[in-house]
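Accompanying notes for the structure given below.
These figures come from a predicted structure and were not determined experimentally. Numbering of ligands and ligand atoms starts at 1, following listing order.
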Amino acid sequence: MRLPRFVVTAGPTREHLDPVRFLSNPSTGKMGFAVAAEAAGRGCETILVSGPVALKTPAGVKRVDVVSAREMCAAVKEAVKGAPAVLVATAAVADWRPAECAGRKLKKREMSGTLRLVRNPDILKTVKGVRKIGFAAETGAPEREAARKCREKKLEFVVANDVTEKGAGFGCDTNRVKFVFPDGGVREFPLMSKRLVARRIVDEVLRA
Ligand code: PMT
């Protein structure tokens, strides 16, 4: 059987309003790097599209560094070309960006106190013709929202995590996840290392 190419997004995006100020979130990239390490370790060609993080590239992984959601979207479109691919979207992508980005540091007196935002592209919705696995970072019972995202973004399944739970979500080395399928089916896992979560995701992808 020919193994698919894994394209994994990881980390946060940064949406600049000037060269030194940006909107972002606390993603460290640990979850995405674990998925990329696992996929490469299983012999799959693996491309990791990462926002700004402080992690080493796993062995056997091709890494593409990006900053903004628009850059991440363009890099993913490029990465999925030319081979049957599976996109695993672990990145915490900013849904909005400042309407304008100044080319130099803004002076305090030039800032009005109001920031106008515009929507970023939804990478999972934009990228077509590949198998897609999403993540859902929720605060509180994530299944319903995850099932909605799964259907709306035409995903094989969503890996839902409650980011308010201790040892789950942003920054830690562990996660507690549920796989939520488009038909509403849910597979629940105990708290485990992100590497083990990654193994379960890759198992599910390669089983199908
Ligand atoms: O990086 P870590 O510190 O290890 O933290 C891991 C994590 C908490 C970031 C990860 O486990 C996680 O939950 N990632 C998804 C975070 C998120 O942004 O979820 P969301 O519900 O906003 O987005 C849903 C899905 O759509 C995600 O797969 C996301 O990558 C994707 N998306 C979102 C917005 C956008 N513009 N384009 C997208 O493709």
side-chain contact (heavy atoms from CB on, under 4.5 Å) partners for F179, two or more places apart:
F157, V159, V177, F181, R187, F189, R200, I201, E204

Closer than 4.0 angstrom: is that true for some heavy atom of K194 and an atom of ligand 1?
yes

With a 4.0 Å cut-off on heavy atoms, is G11 touching ligand 1?
no

Measuring from non-hydrogen atoms of A136 to any atom of ligand 1, is the shortest distance under 4.0 Å?
yes

Can you list the ligand 1 atoms lying under 4.0 Å from a non-hydrogen atom of L124?
25 (C), 26 (O), 28 (O), 31 (C), 38 (C), 39 (O)

Enter the distance from R14:CZ to S68:OG here, rounded to the nearest 0.5 Å.
11.5 Å

For P121, is the nearest heavy atom under 4.0 Å from an atom of ligand 1?
yes

Give the single entry among F135, W96, F170 that approaches atom 24 (C) of ligand 1 most closely by any heavy atom.
F135

Are any of the N/O atoms in A91 less than 3.5 Å from those in ligand 1?
yes

Protein residue, atom and distance nearest to atom 19 (O) of ligand 1, heavy-atom basis:
A137 N, 3.5 Å

Answer yes or no: is there a donor N or O on one side and an acceptor on the other, between the side chain of T13 and the main chain of A94, under 3.5 Å?
yes

Considering only the protein, which heavy-atom contact is closest to atom 11 (O) of ligand 1, and what is its distance?
N161 OD1, 2.6 Å

Is there a nitrogen or oxygen of A89 sitting under 3.5 Å from a nitrogen or oxygen of ligand 1?
yes

Is the closest heavy-atom distance from N120 to ligand 1 below 4.0 Å?
no

List ligand 1 atoms under 4.0 Å from D122, heavy atoms only on the residue side.
35 (C), 36 (N), 37 (N), 38 (C), 39 (O)

With atoms numbered from 1 as shown, which atoms in ligand 1 lie under 4.0 angstrom from a non-hydrogen atom of T90?
9 (C), 10 (C), 12 (C), 14 (N), 15 (C)

Quick one: does G29 get an N or O within less than 3.5 Å of an N or O on ligand 1?
yes

Numbering as shown, the atoms of ligand 1 that approach G134 to under 4.0 Å (heavy-atom distance)
28 (O)

Among A168, P12, S27, whose heavy atom sits nearest atom 1 (O) of ligand 1?
S27

Nitrogen or oxygen atoms of G171 and ligand 1 under 3.5 Å apart:
yes

Taking everything shown except K62 itself, do over 12 heavy atoms lie less than 6.0 Å from its NZ?
no

Is it true that K153 lies under 4.0 Å from ligand 1, counting heavy atoms only?
yes

Within a distance under 4.0 Å of any heavy atom of K30, pick out the atoms of ligand 1 and give their elements.
1 (O), 2 (P), 4 (O)

Ranked by distance from atom 34 (C) of ligand 1, the top protein heavy atom is D95 OD1, 3.2 Å

Is T28 in polar range of ligand 1, meaning some N or O pair under 3.5 Å apart?
yes

